[in-house]
Amino acid sequence: MEKYSLSFEGFVISAPKHSLDVVQIKITYHKIESDNENDDDIEVSTCLWKRALHVARSAKGYPSSMIKYQCNFNLLIQEVLGNSRHLFKADEIDFLESFSMLSEDSQRLFVRLYMRKGPWFRLSNISYPEVSNSREAVRELTDNGYICSSEDTNELHDAIKDICNLLTVSELREISCVLPKNCHRGSRKQKVIASLLCFYEDGICPFLPKMILDRTGLCIRVASKAEHLIWRAERLFFLNGEQDLSAFLLVDLGIVKYPTYNCIIAEQIFSGLCDLLAYEEAIELAQIMDQSLDENNIELVLRCIMIAESRMSSSSCKAVQSITSELANTFHSCFSASWVYSKVVLLGISFLEREQRFNDAINLLRRLLSCFTCDSRRGYWTLRLSIDLEHMGCPSESLSVAEGGLLDSWVRAGSRVALQRRVLRLGKPPRRWKIPSFSESIKRKITEIHVQGRPLNCEIGMKSWFYGEDGEKCGVEQLALQYYAGEGGGWHGVHTESGIWLTIFGLLMWDILFSDVPDVFRSRFQNAPLDLATDSFYIVRKNLIESQLQKIYDGMAEEILITSWESHVGTVCRGVNWDRHSLSELRAAVTCIGGPCLAHLCRHLAQDYGSWSSGMPDLLIWRFHSEYRGEAKLVEVKGPRDRLSEQQRAWLLLLMDCGFKVEVCKVSAQPVIVST
């Protein structure tokens, strides 16, 4: 409110009839005049007010007796059963449908428990104002299989450690005082619990469960069946492991606003329950793999690799590839068990390479390349295979792999440049006498400039810091910006890497991103179509994209940018960062870049967003020659011990082909002059 000089007045219009009804209030919004006000502040404050109105209007759509989170949960279940009913067994459908028949209290309590971190809860600590009778709700939920309680002796035996964690330190001490003297009685909760459990497992204290429950009272948790089915429903609804029921809350509160688009579902992602169960099983193995790597459990890591490789069978790989004849590299493949197993295998390859088990890594890389013949990851796999073969002392085979990779249409971007450079290095006489056709292109010189600064640190392996022109601490990118703004020629600019480009792409292509295409939008919580990072994104929308690119080429980019910003400011869209770049910055950048260069860049992102959405140069700088004309330059900044990655080199060469001015700015420490 202070930042944007806002003032609010409000009062209640009428008292609600029921305690859970929406309270009607009237709010008046004032914009206080400020000397420091600019156009961007006005736009942002207007956007915030629109969000507030959106929240107020959305509240009217809820039944007066239903809490928002309860309504959202029911909506999720209804939509999943409506769209994916074939992925549940008859008893599972009956179970999920029975939720809507539970009492209001039971529904609310279950959703509250499901969204909390558990797994166990003390009933005595559960109190929600919207749940009038918690004990009756627990009884109904238990009878219907939605929760389990500590009254079940089997549940109690398996969960004794988790229930122990519900006790306070003082309660744990009370129990330890009646046990033998060698029981730990310190202040560290986990040590006391470990000591109690040791006595219980050794049979010294068989009454420990009773002693615990005497203090906790009845304990409850979400039943395994309910937890698993709701987890599946969330997966099917959001189609990722990142979003959950809290996404509804963020929208209801106006914190997040999703784009407007139509969900046109013509084809199921999972054709049957068997496919879904196989996918869930693969996800579970991937989670175990991640945990094993975090804990450095080598034995379990190797076990996961072996299981993933064995299940990544030829038949499952063929199933994944069967759709590629029509829609190459579609998003559907990401929802197959074999695709998840390939991710586990790739994690395993990285692990084996760190352990210098190159022969095992080579075998797995060959397996991936033979199974997935139409996959944008083939470039990285081929590059790693060539590198590992060289580690094994097989330069000729490494060269052959690199040459073969360059004939593969799925090998792109940084991986292609890296393989080309390997061919030039390994393919010298007498291995190869003919110079490759790409030699001149890949060896092109990229302009370099050198900037010196006063270093703050000189530690190897640490980020380089320097004194800026104002004497303050700054990184190499900020130091380069200061150089370009001063003696470098009066340039304006931002340190953004890919950020500003993805923002410009998102704004210029907004209507195309959210156009009516079947199957790419499955819920109202998406920030991009599901096929954005696949080849099918461009193929399916080619006419729309080329029409928009022609407008950009003809100089209409700034007009499109302004219209898109004003229409959608604050709405989430993949790649678009509303806070980092102001509209005035984006307009200046677009004007100075020019239509032809911008159209070329947007075409590459549209055709292969997955390969080209990272690795862009650090700085975008620009300067005006007149009100409507200027020039722009992209700069990759490197510190004293840094060098270009293959993806960065690929971007610089591509940008040169597109007509951009690019250069590498190398920052080094000023030489120390010792006076004598």
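Atoms considered below: every heavy atom in the structure, side chains included; atoms not considered: hydrogens, waters and symmetry mates. Quick note: residue numbers are just sequence positions, from 1.
- In this structure, a donor-acceptor pair under 3.5 Å is present between the side chains of K638 and Q648.
- Partner W612 forms a ring-ring contact (aromatic ring centres under 6.0 Å, His included) with one of Y538, F505, W651 and no other, that one being W651.
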Exercise. Dump the intermediate steps for ring pair (Phe, Tyr, Trp, His ring centres under 6.0 Å) on F237 and F248, then the final yes or no.
Key: CA-CA 12 Å; F237 186 83; F248 284 94; 5.7 Å; yes
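- One side chain, N240 or Q243, offers a donor N or O that lies under 3.5 Å from an acceptor on the other.
- R377 and S342 are linked by a side-chain donor-acceptor pair at a separation below 3.5 angstrom, with hydrogens and angles left out of the test.
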Practice problem: For Q452 and V667, run side chain to side chain contact (heavy atoms under 4.5 Å, CB included): C-alpha distance rounded to whole Å, both residues' side-chain angles, the deciding distance at 0.1 Å, then the answer. | Solution: CA-CA 6 Å; Q452 292 185 337; V667 178; over 6 Å; no
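- Side-chain N/O atoms of S386 and S398 include a donor and acceptor closer than 3.5 Å.
- Using a 4.0 Å cut-off between charged side-chain N and carboxylate O, R643 and E448 make no salt bridge.
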Practice problem: Would you check, one step at a time, whether the test side chain to side chain contact (heavy atoms under 4.5 Å, CB included) holds for D519 with L530? | Solution: CA-CA 8 Å; D519 297 318; L530 291 173; over 6 Å; no
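- Applying the side chain to side chain contact (heavy atoms under 4.5 Å, CB included) test to N296 and every residue at least two apart in sequence or in another chain returns I298.
- A salt bridge between D535 and R412 is present, with a side-chain N of the basic residue lying under 4.0 Å from a carboxylate O of the acidic one.
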Practice problem: With ring pair (Phe, Tyr, Trp, His ring centres under 6.0 Å) as the test, would you mind laying out the steps for W501 and F660 before giving the verdict? | Solution: CA-CA 13 Å; W501 298 105; F660 283 89; 5.8 Å; yes
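- Under the 3.5 Å distance criterion, the side-chain polar atoms of E234 are left unmatched by any main-chain donor or acceptor of L239.
- Using a cut-off of 4.0 Å between Lys/Arg side-chain N and Asp/Glu carboxylate O, E631 and K633 are scored as not salt-bridged.
- Salt-bridge formation is not detected for the pair R603/D608: no Lys NZ or Arg NE/NH1/NH2 atom is positioned less than 4.0 Å from an Asp or Glu carboxylate oxygen.
- In this structure, R454 forms a cation-pi arrangement with Y467, its terminal cationic atom sitting closer than 6.0 Å to the ring centre and no more than 45° off the ring axis.
- Here E353 pairs with R384 in a salt bridge; the nearest charged N to carboxylate O distance falls below 4.0 Å.
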Practice problem: Report the C-alpha distance between Y609 and F537 in whole Å, list the side-chain angles of each, state the deciding distance to 0.1 Å, and finish with yes or no for ring pair (Phe, Tyr, Trp, His ring centres under 6.0 Å). | Solution: CA-CA 9 Å; Y609 192 90; F537 176 79; 7.8 Å; no
